[in-house]
Amino acid sequence: MNIDKIKKEFPIFDEKIQNNDLVYLDSANSSQKPRVVIDRINEFYTKQFSNVGRSVHYLAVAATNLYENTRVSVQKFINAKDKNEIVFTKGATEALNLVANTLGQNYLQEGDEILITELEHHSNYVPWHFLRKSKNIKINFAEINEDGEITLEEIEKKITTKTKIISITHLSNVTGAILPIKEITELAHSKDIVVVVDGCQGAPHLKLDMQDLDCDFYAISCHKMYGPTGLGVLYGKKKWLEELPPYQGGGGMINEVKKDRISYGDLPNKYEAGTMATAQVIAFDQSIKFLESIGIDNLVKHEAELVEYGQELLQKNNSVKLIGNPKNKGGVLSFTIEGIHPHDVATILDEDGVAIRAGHHCCQILHDKLNIPASSRASVGIYNTKEDLDKLNDAINNCKKVFDLK
Ligand SMILES: Cc1ncc(COP(=O)(O)O)c(C=O)c1O
């Protein structure tokens with residue numbers, strides 16, 4: 001794979017950022033966008049714009065077809081059985097809220113339990129937390145082991161006769177641990193437990209196959225997949241999406257509206273109320289084509305090499321402590337440097353043009369468990385190279401000098 005050529009497809013790398021070449025190591029937060037995606041948004045607004053699913057004029061019909069084409073592309077990309085199992089949302093956060101809210105209304109009973117993990121992003125905890133009050137639901141936490149992993153055994157240990165839902169991340173945005181979703185789902189289904197997966201970090205970095213994973217729901221964040229912001233995808237098995245109530249009410253999601261009764265539209269309209277992120281959906285088709293042009297197997301291999309290289313570099317660097325050491329790890333390198341606050345690390349690295357993230361990464365439960373208020377996180381994407389990780393390491397060394405550390 002020619003990464004230099006791939007990198008050239010991202011216009012941001014032609015820019016000088018504070019007089020530096022950009023070393024972008026914040027893709028777990030949001031990825032940069034290839035020109036094809038940026039151009040597609042521009043082209044749609046310039047030459048093809050219309051709202052979708054409403055009017056019958058030429059532009060409206062053409063835009064609706066483009067919008068629906070993306071649904072089919074997503075379906076194929078994640079190997080879902082049916083295109084109506086693909087629902088567009090404004091992000092993975094909304095997708096997870098949709099699932100928690102509708103399962104909360106129709107499926108959960110008072111006293112039921114939900115099993116999540118200590119690795120979860122707030123987007124996969126707070127929506128379930130709402131049900132504690134409204135439904136008297138209990139939330140249990142599967143705990144990480146010393147390598148920052150969640151094992152199948154730990155999940156099995158935490159399942160009780162009251163567990164109705166297991167909601168887990170595919171790939172941790174802090175430790176990089178990849179969870180055994182297929183095995184967890186098999187175990188859960190043998191006990192009639194619904195499986196919800198936060199696939200925000202899984203979708204941009206792993207090969208996805210919904211029929212093989214067999215989970216009931218899978219939430220995707222398009223802006224982490226070289227796609228536009230303001231867009232997410234909820235995959236849900238048809239039987240669930242048909243059975244559950246709508247999440248939001250408004251135009252587009254209804255069948256018939258009378259003064260005394262309302263019936264709802266078929267899938268996927270039932271879950272797509274109001275004007276959707278039309279341009280983003282249409283441009284997301286280009287993100288998928290971009291990913292397919294690289295080949296997911298190539299992407300996975302490239303990122304695995306980067307992580308291994310980065311991990312070795314940082315392990316050798318005095319005072320740097322990597323968070324977690326999972327056997328099966330995605331493209332995330334979180335770390336602390338003894339005596340330097342992660343925000344200072346990120347600020348000083350930024351002066352060298354190295355963009356990382358610092359904070360709790362929306363994972364306060366995990367940081368509490370690790371007894372640290374925050375961490376620094378470097379995360380990779382398809383455009384990164386080993387040289388980027390060398391620059392990260394050099395910038396960390398510069399930072400240590402500022403604080404008189406060896
Ligand atoms: C693991 C994880 N879950 C959920 C989210 C939220 O995704 P979105 O920005 O699409 O709402 C993120 C984004 O940071 C994430 O990393």
Side-chain angles (χ1 to χ4, degrees), residues 24-33 37 74 78 86-101 116-130 141-142 144 148-150 166-179 181 195-206 208 215 217-235 247-248 276-277 280-281 283-284 287 303 323-324 326 328-334 346 355-367 374-381:
Y24 190 75
L25 291 168
D26 197 19
S27 295
N29 181 355
S30 198
S31 63
Q32 293 296 342
K33 317 302 170 202
V37 172
V74 175
I78 67 172
I86 308 301
V87 174
F88 291 114
T89 61
K90 79 175 168 65
T93 301
E94 188 178 57
L96 290 163
N97 274 275
L98 186 164
V99 177
N101 180 289
I116 67 170
T117 81
E118 290 178 335
L119 290 177
E120 298 316 314
H121 188 279
H122 296 161
S123 297
N124 193 25
Y125 174 31
V126 184
W128 302 112
H129 166 77
F130 292 157
F141 291 84
I144 53 166
E149 299 166 311
I150 298 284
I166 296 178
S167 192
I168 40 173
T169 187
H170 198 170
L171 194 166
S172 162
N173 62 319
V174 179
T175 69
I178 298 170
L179 273 66
I181 300 296
V195 177
V196 182
V197 181
D198 174 352
C200 277
Q201 303 295 339
H205 303 291
L206 302 171
L208 294 187
C215 56
F217 298 95
Y218 195 98
I220 290 173
S221 179
C222 300
H223 68 89
K224 297 180 201 287
M225 294 175 71
Y226 312 102
T229 52
L231 186 65
V233 167
L234 173 66
Y235 160 81
Y247 174 55
Q248 290 179 337
M276 299 296 288
Q280 290 91 322
V281 170
F284 188 55
S287 312
E303 292 186 354
I323 296 177
N328 209 357
K329 183 174 166 77
V332 182
L333 297 162
S334 295
I356 63 162
R357 181 170 172 189
H360 51 61
H361 319 301
C362 300
C363 292
Q364 282 190 21
I365 300 285
L366 178 62
H367 282 80
S375 57
S376 304
R377 180 184 73 188
S379 51
V380 301

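For the numbers below, each heavy atom of this structure counts, side chains included, while hydrogens, waters and symmetry mates do not. Both ligands and their constituent atoms are indexed starting at 1 by order of listing.
Interface of G91 with ligand 1, defined as ligand atoms under 4.0 Å from a residue heavy atom, comprises 10 (O).
Between D198 and ligand 1, an N or O atom pair is found at a separation short of 3.5 Å. Inclusion of S221 in the set of residues having an N or O under 3.5 Å from an N or O of ligand 1 is warranted. The shortest N or O to N or O distance between A92 and ligand 1 is below 3.5 Å. Remark: ligand 1 and T93 share an N or O pair separated by less than 3.5 Å (distance only, no angle test).
Evaluated for a side-chain contact (heavy atoms from CB on, under 4.5 Å) with N124, the options L96, V197, T93 yield exactly one hit, L96. Among I365, I168, L179, N173, the single residue meeting the side-chain contact (heavy atoms from CB on, under 4.5 Å) criterion with L119 is L179.
For the pair H223 and ligand 1, a heavy-atom separation below 4.0 Å is found. The shortest heavy-atom distance from K224 to ligand 1 is under 4.0 Å.
Rounding to the nearest 0.5 Å places OG of S172 at 11.0 Å from CD of E149.
Listed for the Q201 side chain is a donor-acceptor partner under 3.5 Å among the backbone atoms of A28.
Proximity of H361 to ligand 1, defined as any heavy-atom pair under 4.0 Å, is not found for any part of the residue. Proximity of C200 to ligand 1, defined as any heavy-atom pair under 4.0 Å, is confined to the side chain (atoms from C-beta onward). Contacts between E94 and ligand 1 below 4.0 angstrom, taking non-hydrogen atoms only, are absent altogether.
Here the closest non-hydrogen pair linking W128 and S167 is NE1-OG, 3.2 Å.
Nearest protein heavy-atom neighbour of atom 16 (O) of ligand 1: Q201 NE2, 2.7 Å. In terms of protein heavy atoms, atom 15 (C) of ligand 1 is closest to H121 CD2, 3.2 Å.
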Discussion item. Under the criterion side chain to side chain donor-acceptor pair (under 3.5 Å), I'd like the reasoning laid out for T169 against H121: C-alpha separation, chi angles, the key distance, then a yes or no.
Written reply: CA-CA 8 Å; T169 187; H121 188 279; over 6 Å; no

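Two rings, from H122 and H129, have their centers 6.0 Å or more apart.
Proximity of N97 to Y247: side-chain heavy atoms (C-beta onward) are separated by under 4.5 Å at one or more points.
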